[in-house]
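Worksheet: one structure, shown below.
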Amino acid sequence: MILFQKIINQKLNNISVEELMQYAKQFNISIGRAQAAEVVKAMNGQNINIFNQNERKKLLAKIAKITSLETAQQVNQIFQKFTN
């Protein structure tokens with residue numbers, strides 16, 4: 001289980017704009033390229049652990065500021081699929 005968590009966290013902490021756009025499309029999340037770039041900038045290199053509820057909340061707050069509360073809630077639903 002720890003290995004699975006590390007792989008997911010590593011992927012998220014090194015995600016590219018193109019990958020984020022693909023995931024957004026796959027999960028029907030509306031996000032523009034400029035917003036995706038800002039989200040990637042906020043995430044890359046931060047070593048965020050989405051399995052830690054406090055770290056996930058901080059990241060979602062950043063995403064909400066960059067995009068919208070609705071988008072952050074949709075992203076949280078995706079995170080929950082990976083973490084539960």
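Numbers for residues simply follow the sequence, beginning at 1.
- Remark: I31 CD1 to T67 OG1 distance equals 5.5 Å, nearest 0.5 Å.
- Residues F79 and L12 form a side-chain contact, since some pair of their non-hydrogen atoms from C-beta on lies under 4.5 Å apart.
- A distance of 6.5 Å separates NZ of K58 from CG of N54, quoted to the nearest 0.5 Å.
- Between T83 and I8 the shortest side-chain heavy-atom distance does not fall below 4.5 Å.
- L59 and L69 end up in different hydrophobic clusters when Ile, Leu, Val, Met, Phe, Trp and Tyr side chains are linked at under 4.5 Å.
- Between atom CD1 of residue I48 and atom CG of residue N13 there is a gap of 5.5 Å, rounded to the nearest 0.5 Å.
- In this structure, the separation between CG on L20 and CD on Q35 is 10.0 Å, given to the nearest 0.5 Å.
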- Task: Start with the C-alpha gap between N9 and N49, add the side-chain angles, then the distance that decides, and say whether side-chain hydrogen bond (donor to acceptor under 3.5 Å, both in side chains) holds.
- Result: CA-CA 6 Å; N9 285 327; N49 178 0; 3.0 Å; yes

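- E70 has its side chain within reach of Q74: a pair of non-hydrogen atoms, C-beta onward, lies under 4.5 Å apart.
- With respect to K62 and E38, no salt bridge is recorded, no charged nitrogen being found less than 4.0 Å from a carboxylate O.
- Going from atom OG of S16 over to atom CG of N14 covers 10.0 Å, rounded to the nearest 0.5 Å.
- Proximity of Y23 to I78: side-chain heavy atoms (C-beta onward) are nowhere separated by under 4.5 Å.
- Using a cutoff of 4.0 Å between basic side-chain nitrogens and carboxylate oxygens, R33 and E18 are scored as salt-bridged.
- Dense packing is recorded around CD of Q80, with more than 12 heavy atoms of other residues, nucleotides or ligands lying under 6.0 Å away.
- N52 contributes atom CG, which lies 10.5 Å from atom CD of Q5 (distance to the nearest 0.5 angstrom).
- Counting non-hydrogen atoms of neighbouring residues, nucleotides and ligands closer than 6.0 angstrom, the CD atom of Q53 reaches no more than 12 such neighbours.
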